[in-house]
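The block underneath contains the structure these notes are about, expressed in structure tokens.
To find a chain, count down the sequence lines: A is the first, B the second, and so on, and within it residues start at 1.
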2 protein chains.
Amino acid sequence: SSYLQTSPRNINRSLSIRSNKNSDSVTSPTSSGRHRFIPSLRGSNPELSRRLAKLVKSENHVITAYENAGKEQQTIARQLSEWGEQTGDDAVSEVADKLGVLLAEMADQEDFYAQGLEESRTVLKQIRNTESSVQPSRDHKAKIQDEIQKLKYKEPASPKIVQLEQELVRAEAQSLVAEAQLTNITRQKLRQAYDLHLKALLERSAKQTLLATQARRVLALLDDTPIVPGETRPPFGQEHELRQILSDAEEELRGWQPGWEEL
Amino acid sequence: SSYLQTSPRNINRSLSIRSNKNSDSVTSPTSSGRHRFIPSLRGSNPELSRRLAKLVKSENHVITAYENAGKEQQTIARQLSEWGEQTGDDAVSEVADKLGVLLAEMADQEDFYAQGLEESRTVLKQIRNTESSVQPSRDHKAKIQDEIQKLKYKEPASPKIVQLEQELVRAEAQSLVAEAQLTNITRQKLRQAYDLHLKALLERSAKQTLLATQARRVLALLDDTPIVPGETRPPFGQEHELRQILSDAEEELRGWQPGWEEL
């Protein structure tokens with residue numbers, strides 16, 4: 001359906017991207033006037049790290065897609081150059097070859113981008129791992145609470161209740177530490193992971209802009225004035241200009257510096 | 001191996017992208033002092049359109065790769081938002097959701113880029129089709145030339161030679177027209193196809209730069225100061241700033257105009 005879109009869709013019309021719009025009690029904690037801090041997710045999410053584990057897996061598919069795009073574009077760059085040579089038209093041959101050189105550089109940028117996404121993914125895995133490690137501490141605390149409830153109902157006078165309540169205090173202390181670790185890792189690593197992702201995207205964009213602009217200079221050197229049957233095309237004679245364009249592109253790539261500020 | 005590269009490779013060291021460097025007689029027609037105009041490719045390339053047909057096929061793989069990347073990134077944008085909601089941390093929830101909205105827009109740009117590549121590919125097919133249609137005219141001319149040579153050797157006095165020579169004159173006239181059509185279509189469509197390709201890349205780069213820059217503003221709103229066990233995070237309270245960022249991104253996308261000049 002996105003093929004039908006001609007202008008960017010109205011972002012404000014989709015202010016949230018969540019598919020489930022009914023869980024207002026969780027999405028808008030402030031609207032209920034109460035600030036929620038790490039409520040128990042037991043029941044609603046038996047395995048805390050399940051969602052992020054799926055995201056990390058999806059991210060791997062994205063990385064593979066960009067690696068494939070890069071690899072295939074390297075092939076095309078070579079095919080274009082070799083096709084140009086076989087046309088026997090020296091202008092087409094030279095232009096296709098130099099265009100191929102620049103297309104291969106653009107393909108490299110897809111690979112570097114995939115590499116940046118992989119770094120970002122590695123950081124997301126640290127959140128996922130912390131989520132996994134916090135789960136047993138939550139389970140342990142909940143299990144003791146359950147046991148106390150059951151005992152209070154079945155054997156209200158049992159001396160085991162006091163013992164379990166002491167155990168619960170220790171479990172709660174451990175849980176407080178685990179939850180603090182979780183929120184600290186989650187926030188730091190979420191920022192870090194997507195900062196890496198976005199910087200990689202900004203770098204790909206900047207370098208491909210530079211390369212595509214030079215590649216259009218190459219195209220402009222191809223005279224496409226039609227000839228009549230029997231007419232001979234003048235010799236190409238712009239090999240020097242082509243070399244200059246490649247040299248300009250190389251210099252711009254080398255001189256590129258990130259223009260962003262740190263978060 | 002491209003994972004090991006940390007800086008753009010020296011473009012000038014690879015001034016040509018061709019794998020076969022020995023065919024100097026064809027790549028450097030000017031060095032032999034003679035300008036070549038559409039030399040016969042018979043023998044060396046029995047099917048003129050074979051190389052470009054392969055390139056057009058490879059381009060299809062690239063398009064599929066970008067479509068997959070776009071689709072998978074839409075999924076990730078949703079997964080990120082829903083994961084954020086389940087953390088129960090309102091700041092993470094809000095930031096992940098709005099980041100998801102912007103990531104979905106970036107994913108849309110991959111789809112638009114794939115669409116631009118498809119348009120470019122359609123134009124390349126026109127060169128391929130013209131190459132295919134010129135082949136029979138070349139074959140016809142060559143066949144008559146062969147027959148004349150054979151007859152002159154076997155039956156030098158045959159009256160059929162005169163008849164074949166008249167046929168050859170007609171075939172040559174037809175061939176001149178076909179070759180002029182081929183060079184005209186090749187040059188025009190090569191420029192047009194890669195201009196479409198490069199403009200689509202420039203547009204993706206510009207719009208993703210804009211979206212990634214706004215997405216980093218979203219990240220900056222996530223306070224990642226560590227807390228100690230038992231400490232409560234202050235309420236998020238920056239929902240207004242988040243909405244403003246989405247609104248800015250939308251306005252910038254809508255207001256975007258291509259900055260390039262026509263070839």
Point to revise | Region of Gln181(B) that comes under 4.5 Å of a non-hydrogen atom in chain A | key: neither
Exercise for review: Please flag which part of Leu210(A) lies under 4.5 Å from any non-hydrogen atom of chain B: side chain, backbone, both or neither.
Suggested key: neither
Check your understanding: What part of Thr64(A) gets closer than 4.5 Å to chain B, counting heavy atoms only: side chain, backbone, both or neither?
Key -> neither
Review point. Who wins among Asn68(A), Asp195(A), Val92(A) for the most heavy-atom pairs under 4.5 Å with chain B?
Key: Asp195(A)
Point to revise | Winner by heavy-atom pair count (cut-off under 4.5 Å) against chain B, out of Thr75(A), Leu103(A), Thr213(A), Leu52(A) | key: Leu52(A)
Point to revise | Region of Leu242(A) in contact with chain B, defined by heavy-atom distances below 4.5 Å | key: neither
Study note, to complete from the structure: Residue from Glu59(A), Gln79(A), Lys98(A), Arg216(A) scoring the most non-hydrogen pairs under 4.5 Å with chain B is Arg216(A)
Check your understanding: So how far is it from Asp90(A) CG to Glu85(A) CD, rounded to the nearest 0.5 Å?
Key -> 12.0 Å
Check your understanding: Ignoring hydrogens and geometry, is there a side-chain-to-backbone donor-acceptor pair from Asn184(A) to Ala180(A) under 3.5 Å?
Key -> yes
Review point. Hey, which of Ala206(B), Ala96(B), Ala220(B) has the most heavy atom pairs under 4.5 Å with chain A?
Key: Ala220(B)
Review point. Is chain B contacted by the side chain of Leu124(A), its backbone, both, or neither, given a heavy-atom distance below 4.5 Å?
Key: neither
Revision key, fill the gap. So, the part of Leu99(B) with a heavy atom under 4.5 Å from chain A: the answer is side chain
Exercise for review: To the nearest 0.5 Å, tell me how far Glu250(B) CD sits from Ile245(B) CD1.
Suggested key: 14.0 Å
Review point. Among side-chain atoms of Asp223(A) and Thr225(A), is any donor-acceptor pair under 3.5 angstrom?
Key: yes
Revision key, fill the gap. Cut-off 4.5 Å, heavy atoms of chain B, and the answer for Val228(A) is backbone
Review point. If you count heavy-atom pairs under 4.5 Å with chain A, which of Gly84(B), Pro226(B), Ala91(B) comes out on top?
Key: Pro226(B)
Point to revise | Heavy-atom pair count under 4.5 Å with chain A, highest-scoring of Arg78(B), Glu110(B), Glu118(B) | key: Glu110(B)
Practice item. Answer yes if the side chains of Gln244(B) and Asp248(B) hold a donor-acceptor pair under 3.5 Å, and no otherwise. Key: yes
Review point. Would the number of heavy atoms belonging to other residues, nucleotides or ligands and lying under 6.0 Å from CD of Glu251(B) be above 12?
Key: no
Check your understanding: Is the closest side-chain donor-acceptor distance between Arg187(A) and Thr87(B) under 3.5 Å?
Key -> no
Point to revise | Which portion of Lys54(A) sits near chain B, non-hydrogen atoms under 4.5 angstrom | key: both
Review point. Thinking salt bridges, do Glu203(B) and Lys199(B) make one under a 4.0 Å N-O criterion?
Key: no
Exercise for review: Say whether Asp111(A) and Gln74(A), considering side chains only, have a donor N or O and an acceptor N or O under 3.5 Å apart.
Suggested key: no
Check your understanding: Does Thr186(B) use its side chain to pair, donor to acceptor, with the backbone of Leu182(B) at less than 3.5 Å?
Key -> yes
Check your understanding: Who among Thr209(B), Val95(B), Val62(B) has the most heavy-atom pairs with chain A under 4.5 Å?
Key -> Val62(B)
Point to revise | Proximal component of Tyr66(A), with respect to chain B [non-hydrogen, under 4.5 Å] | key: side chain
Study note, to complete from the structure: Max heavy-atom pairs within cutoff under 4.5 Å with chain B, candidates Arg204(A), Gln208(A), Glu172(A), goes to Arg204(A)
Check your understanding: At a heavy-atom separation under 4.5 Å, does Leu201(A) approach chain B through its side chain, its backbone, both, or neither?
Key -> side chain
Check your understanding: Between Ser49(A) and Arg128(A), do the side chains contain an N or O donor and an N or O acceptor separated by less than 3.5 Å?
Key -> no
Check your understanding: Of all of Met106(B), Arg191(B), Gln188(B), His61(B), which one pairs up most often with chain A through heavy atoms under 4.5 Å apart?
Key -> Arg191(B)
Review point. What part of Glu252(B) lies closer than 4.5 angstrom to a heavy atom of chain A: side chain, backbone, both or neither?
Key: neither
Point to revise | Proximal component of Gln192(A), with respect to chain B [non-hydrogen, under 4.5 Å] | key: neither
Exercise for review: Give a yes or no on whether the backbone of Arg243(B) and the side-chain of Ser247(B) come within a donor-acceptor separation of less than 3.5 Å.
Suggested key: no
Check your understanding: Lys71(A): what forms a side chain to side chain donor-acceptor pair (under 3.5 Å) with it, not counting sequence neighbours?
Key -> none
